[in-house]
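Encoded as structure tokens, the structure appears first; notes follow it.
Indexing begins at 1, ligand by ligand and atom by atom, following the structure's order.
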Amino acid sequence: MIDYYFIMVPMVYLAFAVFFIGILFQILKLLTTPRQLTTLQIFPAKKPSWLYILADTFLLPTVRKHKPVLWVFLMLYHIAFLLLIFGHIELISDIRIFQIIPHEVFLGKGFVGVTLTVCLTYLLFRRFKSPYREISVPEDFFLLILLLFTVLSGGHMNWAANWSEYGFDISIEDYREYLSSMISLKPAIPEMIADSPHQIIMVLHIFFANLFLIFFPFSKIMHSFFALPLNKLRRG
Ligand code: HEM
């Protein structure tokens, strides 16, 4: 059997190192950039400004006004992504606060993956059409395709576990054993994963996720860190 150790262990550490160091580097780069002399402020200023800052950042009112269909997909995508982050944290261990709505990991029995797949497909195909095609660059397609591959492979495992009559041979306990060993810096791939005929789908998921994490700090997804401060500049 092929040994996927490199993708499941060293590449994961490398991906997380690039992810965290890259983000820190980008934040420091921004903080040391000379101050912009022109203002980005929106006039007339509305009060209370903190409410408008939060609303602009999380409710995307301009998109809602001009592109309501895009807005629906963007909101669904971001909500599902948040649930996805919670789900991956729960893959490591039980978190009591996340169980406010009692559920098995992941919340939604596969619908988080479905929602992300539908939204990413929409966001990708939208760029095939004019005028978005003309203003799209290869990075836009690369990012969406990479995310789609990651979500489809992760979703596949969860859909098989939830929706297939036969279930999925790798269990949450096996994932937990693997992830805990990674966190405690004593990496070990449990037998159930190493010997599973379905290991390849997990390896593909981790491979695409690693690429995504490595690419993250150098891509437009950095907006997840900069959207709030930018809106603060505009409304502050
Ligand atoms: C190295 C980092 C990652 C690891 C080890 C990992 C591992 C996993 C595992 C084991 C599952 C299956 C859980 C189950 O069957 O119940 C899963 C599900 C999933 N993963 Fe990941 N993942 C990683 C990063 C990511 C990233 C970066 C994304 C997306 C950008 C992602 C998207 C998904 C999705 C969409 C699901 C299915 C959720 C659902 O259908 O409810 N994963 N992940």
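Ring centers of Phe207 and Phe149: at least 6.0 Å apart, outside the cut-off. Taking the centre of each ring, Phe58 and His78 stay at or above the 6.0 Å mark. Aromatic pair Phe111/Trp163: ring centres closer than 6.0 Å.
Nearest protein heavy-atom contact of atom 27 (C) of ligand 1 is Phe212 CD2, 3.6 Å. Nearest non-hydrogen protein atom to atom 3 (C) of ligand 1 is Ala209 CB, 4.1 Å. For atom 25 (C) of ligand 1, the closest non-hydrogen atom of the protein is His88 NE2, 3.5 Å. Nearest protein heavy-atom contact of atom 36 (C) of ligand 1 is Gly154 C, 3.5 Å. Of the protein's non-hydrogen atoms, Leu84 CD1, 3.4 Å is the one closest to atom 35 (C) of ligand 1. Nearest protein heavy-atom contact of atom 12 (C) of ligand 1 is Met157 CE, 3.8 Å. Among protein heavy atoms, atom 13 (C) of ligand 1 sits closest to Phe106 CE1, 3.4 Å. Nearest protein heavy-atom neighbour of atom 26 (C) of ligand 1: Thr150 CG2, 3.7 Å.
One N or O on the side chain of Asp174 and one on the backbone of Ser171 form a donor-acceptor pair closer than 3.5 Å. Using modelled atom types, no side-chain atom of Tyr4 and backbone atom of Leu204 make a donor-acceptor pair closer than 3.5 Å. Judged by distance alone, with hydrogens and angles left aside, the side-chain atoms of Tyr5 form no donor-acceptor pair with the main-chain N or O of Pro10 at under 3.5 Å. His205 places no side-chain N or O within donor-acceptor distance of the main-chain N or O of Ile201, the cut-off being under 3.5 Å.
The closest approach between a heavy atom of Gly155 and any atom of ligand 1 is below 4.0 Å. Residue-ligand proximity: Gly108 is placed with every non-hydrogen atom at 4.0 Å or more from ligand 1.
Shown in contact with Val112 at under 4.0 Å from a heavy atom are these atoms of ligand 1, numbered in order with element: 41 (O).
Residue Phe216 is tested with Phe19, Phe20, Phe16 for a ring-ring contact (aromatic ring centres under 6.0 Å, His included); the sole match is Phe19. For the side-chain contact (heavy atoms from CB on, under 4.5 Å) with Thr62, the lone residue among Arg64, His66, Lys65 that qualifies is His66.
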**Report entry** Candidate pair Arg176 and Asp94, rule salt bridge (Lys or Arg N to Asp or Glu O under 4.0 Å), full reasoning
**Finding:** CA-CA 10 Å; Arg176 283 197 171 158; Asp94 284 324; 3.2 Å; yes
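By heavy-atom distance, the residue among Lys109, Met202, His205 lying nearest atom 21 (Fe) of ligand 1 is His205. Among Leu213, Leu116, Asn158, the residue whose heavy atom lies nearest to atom 41 (O) of ligand 1 is Asn158.
If you look at Leu147 next to ligand 1, the close heavy atoms, those under 4.0 Å, all belong to the side chain. When heavy-atom distances to ligand 1 are checked against a 4.0 Å cut-off, Phe81 comes that close only through its side chain, counted from C-beta outward. Residue contacts with ligand 1, taken as heavy atom pairs separated by less than 4.0 Å, involve Leu91 solely via side-chain atoms from C-beta onward.
Looking at ligand 1, you'll find an N or O of Gly113 within less than 3.5 Å of one of its N or O atoms.
Classification of the Phe212-Phe81 ring pair by plane angle, with boundaries at 30° and 60°, yields tilted.
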